[in-house]
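Okay, so here's the structure we're looking at.
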Amino acid sequence: MTDVLQPPADIPAHDEAHGHDEHHGPTGILKWITTTDHKIIGLSYTVTSVIMMVIGGFFAEIIRAQLATPNGHLVSLAQYNELFTMHGSVMIYLFVGPFAFGALANIIVPIQIGAPDMAFPRLNALSYWLYLTGSITMLSGFFTAGGAANFGWVGYAPLSNSLNTPGSGADLWIGGLLLTGFSAIFTGVNLCATIFYLRAPGMTMFRMPIFTWNLLVTAILILLAFPVLTAGLIMLYADRHFGTHIYSVAGGGVPVLWQHIFWFWGHPEVYILALPFFGMATEIIAVFSRKPVFGYKGMIFATLSIAALSLGVWAHHMFTTGVVLLPFFSIMSLLIAVPTGIKIFNWIGTMWRGQVWFSTAMLMAVGFVVTFLIGGLTGIYLASPPLDFFTHDTYFVVAHFHSVVMALVMGAMGGLYYWGPKITGYLLNERVGKFQFWFLFIGTQVFTLPQYVLGLKGMPRRIAIYPHNPEWKMLNDWSSLGALLIGISTLLFVANIVVSWKKYPAGDNPWDAHTLEWFTTSPPPHHNFYRLPPIRSERPTWDYNHPEHRALGHGSHKNEVAAEVVHKAPHS
Ligand code: HEM
Ligand SMILES: [Cu+2]
């Protein structure tokens with residue numbers, strides 16, 4: 001058998017075609033608006049979501065500046081409510097999610113499984129445009145007379161009804177969420193269809209890269225969770241404008257129903273946000289330890305059980321409401337620690353006795369694991385009702401979820417350093433990258449660790465001033481300093497893009513990586529591949545480049561014949 005699948009005669013050989021776009025049609029801005037190429041859509045997602053991160057981060061810096069003194073006057077109390085609401089909303093709804101399953105997944109999943117594009121390229125384009133318009137809709141609340149939404153990113157009833165929050169900023173928040181919600185649902189459909197139906201010959205389910213596996217599970221969670229939020233938002237809108245009383249006691253409704261609906265989406269959402277980065281960290285750690293993933297199947301089953309459990313823990317956000325079964329939701333929440341622990345051990349196992357190369361991407365991945373571990377361990381405390389009663393609505397909670405979400409920021413940066421060169425064709429500067437990492441990592445701990453103590457001392461969340469507790473100032477100052485360091489890390493990232501602009505050509509496979517996206521060119525051609533290597537394990541590119549190591553891979557050699565087929569784009 002041949003070692004490389006040769007292109008059929010009608011596909012140009014890889015060198016001649018490199019750099020040319022064989023796709024006919026509009027150019028420039030029209031090309032961008034009409035494109036259905038998953039890589040260009042993914043790049044649009046990347047740029048938009050990173051801008052959202054900068055906007056959300058800007059709000060955060062204002063919040064931290066306000067809290068640096070006990071009686072700050074930087075913003076009014078009303079503006080403060082808008083700021084923390086929109087900070088949380090922008091970060092969760094408009095940055096992390098779209099970055100994970102819109103940007104990274106869109107660009108990487110089809111290439112990792114040897115597909116020419118997503119299964120439904122036009123639906124994919126629609127997802128992006130819904131996301132962009134939804135984001136603009138939500139942010140436009142700032143330009144209305146009453147200001148942006150101000151009831152927290154969770155929009156609890158009855159605070160969010162038309163009596164307590166009359167303005168149109170709240171309606172724009174609901175409208176923006178409906179649009180981005182549909183965007184996410186369509187992406188979920190697309191990812192499932194792509195992964196189930198467009199895998200290249202030889203790419204069996206248990207040879208799929210862990211990143212793709214995690215995105216499959218993420219997509220299924222999206223399909224289970226997001227429609228519930230969408231329904232809840234429509235009911236909220238009806239309560240506000242059509243005279244229904246679904247969430248209001250006055251008309252016989254139940255306010256706490258909103259919390260059930262919101263968190264039935266909201267807790268799986270935590271894993272919708274995190275699983276893509278788990279997958280990404282798994283790949284980066286394996287590549288930069290120059291070893292296969294330790295416990296490949298164990299990782300997959302851990303992901304599946306995390307996803308299953310995550311659907312049954314929503315009421316751990318509602319322990320203090322008094323209307324949920326505490327032991328059940330507590331035990332279910334604690335159980336999630338088991339598969340998560342398996343992952344942590346597998347990551348350590350992957351690095352164990354490997355030749356570890358601490359590139360920026362690897363530092364970000366390890367920073368992700370360490371910081372997520374801090375967030376996960378403090379989550380175990382919160383999953384215990386008596387301890388949660390003590391810390392509910394304090395800065396302990398703010399600290400817990402910022403350990404988690406700042407880990408995701410490190411994950412996002414790891415993804416950009418690792419996969420960015422594949423899609424742009426150029427590497428980022430490693431020295432600036434390492435500075436960025438250390439500012440981000442140290443900044444994160446300086447920002448969150450004092451907040452745990454503040455929470456135990458009783459500082460409530462969502463307060464703009466604390467004039468009667470000047471003793472909280474010192475820890476708040478540390479936290480604000482951490483926020484400043486994080487802000488500097490973001491500036492270093494922007495600076496790195498500027499100084500590295502088209503400077504360091506990446507080549508096809510700068511990291512000597514494992515999976516199919518590293519077999520094709522950087523950036524890949526219009527339909528991703530001119531040829532594919534035989535797929536005999538979950539590391540086809542590595543197998544191809546290191547024939548001497550092939551026996552170390554997973555999977556058997558039984559299906560070699562299947563890989564003989566040339567994978568060809570179905571349409572053009
Ligand atoms: C520079 C980094 C960040 C800083 C300095 C920061 C700061 C803050 C602060 C001080 C609060 C508490 C506001 C209050 O309760 O009065 C807050 C709330 C929040 N943050 Fe962040 N944050 C950062 C990054 C993130 C990221 C990356 C995410 C999510 C991906 C995020 C999500 C949230 C959410 C959901 C809330 C709760 C908002 C609410 O209470 O309604 N933050 N942030
Ligand atoms: Cu939760």
Side-chain angles (χ1 to χ4, degrees), residues 49 52-68 75 77 80-100 149-156 159 173 262-271 273-274 277 309-319 329 332-333 336 371 375-376 379 382-383 388 393-413 439-440 443-444 446-448 450-451 454-455 459-466 476 479-491:
S49 56
M52 292 303 154
M53 180 190 83
V54 173
I55 295 176
F58 176 67
F59 295 161
E61 299 295 333
I62 303 177
I63 296 176
R64 282 310 332 167
Q66 164 75 16
L67 294 176
V75 294
L77 301 188
Y80 189 85
N81 290 347
E82 289 174 45
L83 278 174
F84 73 69
T85 300
M86 292 304 280
H87 159 69
S89 300
V90 168
M91 287 298 203
I92 301 273
Y93 303 119
L94 309 183
F95 160 51
V96 184
F99 184 90
N150 57 7
F151 38 48
W153 77 285
V154 293
Y156 275 3
L159 180 60
W173 182 86
F262 183 86
W263 288 114
F264 188 82
W265 162 82
H267 192 87
E269 167 74 356
V270 173
Y271 287 95
L273 301 180
F277 296 107
L309 286 169
S310 81
L311 288 162
V313 301
W314 76 91
H316 63 207
H317 299 271
M318 304 167 58
F319 283 154
F329 286 102
M332 290 294 279
S333 306
I336 295 196
T371 311
L382 291 171
D388 181 68
D393 262 345
T394 69
Y395 259 81
F396 191 88
V397 175
V398 176
H400 153 70
F401 70 73
H402 278 89
S403 292
V404 172
V405 294
M406 290 311 301
L408 304 184
V409 174
M410 289 176 214
M413 287 300 158
F439 271 91
L440 180 57
T444 295
V446 174
F447 160 55
T448 52
Q451 292 182 349
L454 279 170
M459 178 167 166
R461 64 191 285 198
R462 298 176 178 154
I463 56 166
I465 48 171
Y466 45 98
N476 271 298
S479 186
S480 297
L481 173 70
L484 190 66
L485 298 179
I486 297 170
I488 294 172
S489 84
T490 311
L491 295 181

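Side chains included, hydrogens not; waters and symmetry mates left out as well; all remaining heavy atoms used. Start at 1 and go down the list; that is how both ligands and their atoms are numbered. Quantities reported herein were computed from a predicted structural model and do not represent experimental measurements.
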Fill in: Numbering as shown, the atoms of ligand 1 that approach Phe84 to under 4.0 Å (heavy-atom distance)
13 (C), 38 (C), 39 (C), 40 (O), 41 (O)
Discussion item. Students should be able to answer this: which protein heavy-atom is nearest to atom 1 (C) of ligand 1, and at what distance?
Written reply: Ile486 CG2, 3.5 Å
Worksheet item: Starting from atom 40 (O) of ligand 1, which protein heavy atom do you reach first, and at what distance in Å?
Response: Arg462 NE, 2.7 Å
Fill in: Per-atom contacts, ligand 1 versus Ile463 - under 4.0 Å to a heavy atom
16 (O)
Worksheet item: Do you know which N/O/S atom name in His267 is closest to the Cu ion (ligand 2)?
Response: ND1
Worksheet item: Would you say Ser479's side chain and Asn476's backbone share a donor-acceptor pair under 3.5 angstrom?
Response: no
Worksheet item: Ala483 heavy atoms, cut-off 4.0 Å: which ligand 1 atoms fall inside?
Response: 5 (C)
Worksheet item: Which of these passes ring-ring contact (aromatic ring centres under 6.0 Å, His included) with Trp314: Trp263, Tyr271, Phe264?
Response: Phe264
Worksheet item: Relative to the heavy atoms of Ile92, which atoms of ligand 1 are at a distance of less than 4.0 Å?
Response: 29 (C), 35 (C)
Worksheet item: Less than 6.0 Å separating the ring centroids of Trp265 and Tyr93?
Response: yes
Response to the item:
Of Tyr156, Trp153, Phe447, the one whose closest heavy atom lies nearest atom 41 (O) of ligand 1 is Trp153
Worksheet entry | Residue part near ligand 1, for Tyr395, under 4.0 Å between non-hydrogen atoms | side chain
Discussion item. A side-chain contact here means heavy atoms from C-beta on lying under 4.5 Å apart; do Met53 and Phe99 qualify?
Written reply: no
Item to complete: Measure the distances from the heavy atoms of Phe95 to every atom of ligand 1 and state whether one is below 4.0 angstrom.
Response: no
Discussion item. Rounded to the nearest 10°, what angle sits at the Cu ion (ligand 2) between NE2 of His317 and NE2 of His316?
Written reply: 100°
Fill in: Beyond-backbone contact of Phe262 with His317, side-chain heavy atoms, under 4.5 angstrom
no
Response to the item:
of all protein heavy atoms, closest to atom 26 (C) of ligand 1 is Val405 CG2, 3.6 Å
Practice prompt. Describe, in one word, how the ring planes of His316 and Phe319 are oriented to each other, choosing from parallel (under 30°), tilted (30 to 60°) and perpendicular (over 60°).
Written response: perpendicular
Worksheet entry | Spacing of CZ belonging to Phe396 relative to CG belonging to Leu382, to within rounding of 0.5 Å | 5.0 Å
Response to the item:
Candidates Met459, Gln451, His402; heavy atom nearest atom 18 (C) of ligand 1 found on His402
Worksheet item: Any non-hydrogen atom of Thr490 lying under 4.0 Å from ligand 1?
Response: no
Worksheet item: If only atom types and distance count, is the side chain of Thr394 paired as donor or acceptor with the main-chain N or O of Pro460 below 3.5 Å?
Response: no
Worksheet entry | Under the ring-ring contact (aromatic ring centres under 6.0 Å, His included) test, residues paired with Tyr80 that sit two or more places apart | Phe84
Worksheet entry | Val313 side chain near Ser333 side chain, heavy-atom distance below 4.5 Å | yes
Worksheet item: Just which atoms of ligand 1 are under 4.0 Å from any heavy atom in Ile63?
Response: 10 (C)
Worksheet item: Nearest heavy atom to atom 2 (C) of ligand 1: which of Met86, Met406, Arg64 does it belong to?
Response: Met406
Fill in: Sub-4.0 Å atoms of ligand 1 with respect to non-hydrogen atoms of Val96
30 (C)
Worksheet item: For atom 16 (O) of ligand 1, which protein heavy atom lies nearest, and how many Å away is it?
Response: Tyr80 OH, 2.6 Å
Worksheet, complete the sentence: Looking only at non-hydrogen atoms, the one of Met91, His87, Glu61 nearest atom 20 (N) of ligand 1 is His87
Worksheet item: If you take all heavy atoms of Leu311 and Pro268, which pair is closest and at what distance?
Response: CD2-CG, 3.8 Å
Practice prompt. Indicate yes or no for a side-chain donor-acceptor contact from Thr85 to the backbone of Gly152 under 3.5 Å, with no hydrogens or angles considered.
Written response: yes
Fill in: Per-atom contacts, ligand 1 versus Arg461 - under 4.0 Å to a heavy atom
15 (O), 37 (C), 39 (C), 40 (O)
Item to complete: Give a yes or no on whether the backbone of Ala464 and the side-chain of Gln66 come within a donor-acceptor separation of less than 3.5 Å.
Response: yes
Fill in: Per-atom contacts, ligand 1 versus Val409 - under 4.0 Å to a heavy atom
27 (C)
Practice prompt. Among all protein heavy atoms, pick the one closest to atom 34 (C) of ligand 1 and tell me residue, atom and distance.
Written response: Phe401 CE1, 3.4 Å
